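Have a look at the structure below before the remarks.
Quick caveat, the model's predicted, so the values are computed rather than measured. Heavy-atom basis, side chains included; hydrogens, waters and symmetry copies ignored.
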Amino acid sequence: MGGSAPRRVHQPPVETTSFVDRRDELAEGRRLLATARLVTLTGPGGVGKTRLAGRIAARVERAFPDGVRFAHLAGLQDPELVPLAAADALGLHDHSEQPPLDTLVEQLRDRRLLLVLDNCEHLLSACAELAAALLHGTTGVRVLATSRHRLALTEEHLLDVRPLPVPDPDSDLSAAATYPALALFADRAAAVAPGFELTPDNRAAVARLCRRLDGLPLAIELAAVRMRVLGVDQLVARLDDRYRLLTTGSPAVLPRHQTLRAAVDWSHELCTEAEQLVWARASVFAGSFDLEAAEAVCADGAPNRNPAPDPTPDPDTDTDPDGRAAERHGKAEGDREPEGDREPEGVHPQDVLEAVAGLVDKSVLCREGGPGTARYRLLDTLRHYGLDKLRQRPGEESAARRRQRDWAQEVAAECERRWFGPGQREIVARLRADQDNLRAALEFSLTVPGEARAGLGLAGTLWFYWHACGAPREGRYWLDRALDAHPEPTRERARALWVAGLLAGCPEDLTRGRHRAEDARALARRLGDPAEVAHAEYLLGLMALFGDDLPAALEHYEAAVARNPVDGQLPSLAVLDQVELAASLAFLGHTDRAVQVCEDAHRLCEEHGEEWVRSYVLRVLALAYAERKEWDRAEPHACDALRRKLAVHDVIGIGLTLDLLVVITAARGAHERAAVLLGGADRVWAGIDGNRFGSATYNSARKESETRVRAAVGPGLFDRAYRRGGGLGLTAIVSYALQETGRAVVPGPRRADGGPAPDPVRGDPRLASLTRREREVAELVADGLANQQIADRLVIARRTAEGHVERILGKLGFSNRSQIAAWVSARR
């Protein structure tokens, strides 16, 4: 597991093509954000608002100490998810029962950051409410929104994003390349027709084409794809024919939305029947998707009615997807007859790859990097177009959405099966990448009659994602809706009840969590399901532990461990029974046995390559040694636990472990360092539950340490150090904790006597052994990028990226990527 948090979906969209200069808009956007706290980029679909927002945000990032975060809203349909999506983008993890907006404002009150709300037009009221709450409740938060319509707040400043300027085709075009619209067309045309460039012979035609397309970037990009088989003059002529057809001969200039529709229609007719159907079915994906998902959702298993072409094709009938045959025989795609109401043929799973490749070629699908595999995305405009086409075919939309939900169930179930094992970081990255698609699957299940049970099952299967990876509020949202929608006594309900209780992690939720667990146990017993009984009982013991009833918790977990394992029981929870038993023993002073239980559990985790549960084992092992005041033995285990917790973004675990490190550090006399850790830990807990469960068991040692540290360093130094820690984000405070004690944290070559690895921070000669490019690659590994993503970022081949990683491992003496990530985090 790596030493940095999984890469989350709160960053600007990946730019897969060059950005055409919008110097004036960039300057105006920066000027507005310098004076206004809410700026909205408005303009028609396809004009480039999202990319411009990303560029503006990048230019002003240094002005915001707490960063710039993107909340992508295009995939949301429920307005209630808007504040949750914002909180997720901001890295906040609320466990409380307060209204989400109140909690969001409270957690951001003292921060200085820029929040980008992208694609607000379909959620205007919710976005306006969010923006108003942030403007009125904080002083350092600014909002940059993109929307086809304004948010209608008095504080709002508008930046109208206009289409790209186009010169008069009959004017002097000697400086044609300075016009962004023409430069955009030339750039995209050169991608499909290598060697194309603006010349005195073609620039008037290009200007005429771009003017016909109203300077809309998306329309220009779609038209440029046809340069593979058409010249510019042919393109203009066919586009004029297209417009005359759409306007029934009217000479009036088309409004811009009709212009874009015409360009998209034309691109649609360029596609093969299989590509058209894949486009339509892929529109049910709310976010990006990979090829496996496309095959599951876009194929219908129908036999392939398009046999392989004969080796000697008939020149009068053969065409191919990109029009090369048409070009050879004097026919271009623009000459195809309209499809009309002709029924498109089905798509066999084996045909999906070819269709996806064709759609990428035609700029319908954007290809972007993902966790270990290529991913694809429909631009919002093209997704809505695809949905319109899908809805024209009775039953197609519901069938595609059901396939998408079934695919989501399979992904969730597979991730759950693999959770107690290696690759947890990759699982988290995969689920985060598919977050909008999971939401779409849940929304479908909970709004379509007869599908609620499947939705309840999906929400319950994702327990580890909601609980372990910092998404408790959203998990409770879906579970509460699903439990209301499916009250029948089923196994899915028993699972969902204890998961909902597990997510109740703060004082005002403990009673509710206990009730949920009791209801889950009663239902599981009624159904004769011993596994779900065991899961519910794990939670009941946890409630006793958090409620400071240590004897009850000890008795409960003694019995649970004695009867483990139960057929069908989740292995993570079976081992966590041992962890909570060890914690109960340690708190009650039975540290020898606590250490023994932890060592047994640790061996089991190691055998399976498990990391998340192991992080809790290590934390309790550190706790047991701390109870014995064996600080030198406690510290490395706590640090190892902290590194593993960051790898899967276990925010509660990070908070608990930082508190323990405060106790250890203070006891060792490093008082200023302990004050920094106190400030960082309090900031982490402010995003979860400022009362730390209200548990005296978990809080007493930390409070005593704070008192000792204050007295040791004095109020002035303490406040400065505390503020320093409070100013660090999640990854930064973990990196600080690991850096100060890094010699025992980073796995690497160990001495023959089993001693700790060399200090990765001070005087590490291995740094000098890395080339400049290898250092770049190491930084990207620490940021959570897979080899293909590294290759895409550095514009190198994947094999080259893999070679760099292998050489880094060899030079540093490491055996896996997680050790590289931890080493880089410590150096940071």
Side-chain angles (χ1 to χ4, degrees), residues 402 405-406 408-420 438 441-442 444-468 472 475-505 509-544 552-553 555-578 580 613:
R402 188 170 287 105
R405 192 274 318 284
D406 293 345
Q409 285 181 311
E410 291 176 9
V411 168
E414 177 63 19
C415 287
E416 184 190 48
R417 282 193 294 271
R418 292 174 48 213
W419 182 247
F420 192 79
L438 295 172
L442 287 162
F444 169 79
S445 299
L446 300 180
T447 53
V448 173
E451 302 291 344
R453 182 174 181 178
L456 188 66
L458 176 57
T461 300
L462 288 167
W463 68 271
F464 61 96
Y465 179 65
W466 310 130
H467 176 56
R476 287 215 309 264
Y477 168 80
W478 290 115
L479 286 160
D480 288 347
R481 279 187 63 186
L483 286 165
D484 288 343
H486 182 72
E488 289 81 3
T490 59
R491 183 181 186 277
E492 290 85 354
R493 183 172 179 82
R495 162 70 67 93
L497 282 167
W498 69 256
V499 176
L502 184 64
L503 300 181
D509 282 335
L510 286 182
T511 299
R512 183 183 181 205
R514 188 176 294 108
H515 288 327
R516 290 288 204 193
E518 289 169 347
D519 290 345
R521 182 174 62 180
L523 178 55
R525 284 174 173 171
R526 176 181 165 191
L527 296 172
D529 191 328
E532 296 304 335
V533 170
H535 300 153
E537 289 189 337
Y538 164 75
L539 178 56
L540 286 168
L542 198 63
M543 296 296 102
E555 181 181 359
H556 179 93
Y557 285 116
E558 290 274 24
V561 171
R563 66 174 172 264
N564 278 344
V566 175
D567 285 344
Q569 186 177 5
L570 292 165
S572 296
L573 295 191
V575 180
L576 281 172
D577 277 336
Q578 299 180 52
E580 308 307 349
V613 173

If you define the side chain from C-beta out and look only at heavy atoms, does anything of [X] sit under 4.5 Å from [Y]?
X: D519; Y: L523; result: no
X: E416; Y: W463; result: yes
X: S572; Y: W419; result: yes
X: R481; Y: T447; result: yes

Applying salt bridge (charged side-chain N to carboxylate O under 4.0 Å, His left out) as the test, list every pair that has at least one member in residues 449-461; sequence neighbours left out. R402-E451, R405-E451, R453-E492
After noting the C-alpha distance and the side-chain angles of R521 and E537, does the key distance pass the salt bridge (Lys or Arg N to Asp or Glu O under 4.0 Å) rule? CA-CA 7 Å; R521 182 174 62 180; E537 289 189 337; 3.7 Å; yes
In chain order, what residues pass the ring pair (Phe, Tyr, Trp, His ring centres under 6.0 Å) check against H556, with sequence neighbours excluded? none
Stepwise, does the side-chain contact (heavy atoms from CB on, under 4.5 Å) test hold for Y538 with L570? CA-CA 11 Å; Y538 164 75; L570 292 165; over 6 Å; no
With sequence neighbours excluded, residues passing salt bridge (Lys or Arg N to Asp or Glu O under 4.0 Å) with D529: R491
What's the verdict on side-chain contact (heavy atoms from CB on, under 4.5 Å) for V575 and F420, showing C-alpha distance, side-chain angles and the deciding distance? CA-CA 10 Å; V575 180; F420 192 79; 3.7 Å; yes
Contact summary for [X] and [Y], nearest pair of heavy atoms:
X: A412; Y: L458; answer: CB-CD1, 3.7 Å
X: G513; Y: M543; answer: C-SD, 4.3 Å
X: G541; Y: A553; answer: O-CB, 4.2 Å
X: L539; Y: G501; answer: CD2-C, 3.5 Å
X: L510; Y: A504; answer: CD2-O, 4.3 Å
X: A534; Y: V566; answer: CB-CG2, 4.3 Å

For a side-chain contact (heavy atoms from CB on, under 4.5 Å) check, start with the C-alpha distance between V533 and W498, then their side-chain angles and the critical distance, and finish with the verdict. CA-CA 9 Å; V533 170; W498 69 256; over 6 Å; no
Would you check if the side chain of R516 reaches a backbone N or O of V499 as a donor-acceptor pair within less than 3.5 Å? no
Could you grab the distance from atom [atom1] of [X] to atom [atom2] of [Y], nearest 0.5 Å is fine?
X: L479; Y: L502; atom1: CG; atom2: CG; value: 10.0 Å
X: L456; Y: T490; atom1: CG; atom2: OG1; value: 6.0 Å
X: T461; Y: W466; atom1: OG1; atom2: CH2; value: 10.5 Å
X: Q409; Y: S445; atom1: CD; atom2: OG; value: 6.5 Å
X: R476; Y: L483; atom1: CZ; atom2: CG; value: 12.5 Å
X: W478; Y: L438; atom1: CH2; atom2: CG; value: 10.0 Å

Would you indicate whether E558, at its atom CD, is surrounded by more than 12 heavy atoms from other residues, nucleotides or ligands within a distance under 6.0 Å? yes
D484 and L446: CA distance, side-chain angles, deciding distance, side-chain contact (heavy atoms from CB on, under 4.5 Å) verdict: CA-CA 10 Å; D484 288 343; L446 300 180; over 6 Å; no
Worked verdict on R563 versus D577 for salt bridge (Lys or Arg N to Asp or Glu O under 4.0 Å): CA-CA 11 Å; R563 66 174 172 264; D577 277 336; over 6 Å; no
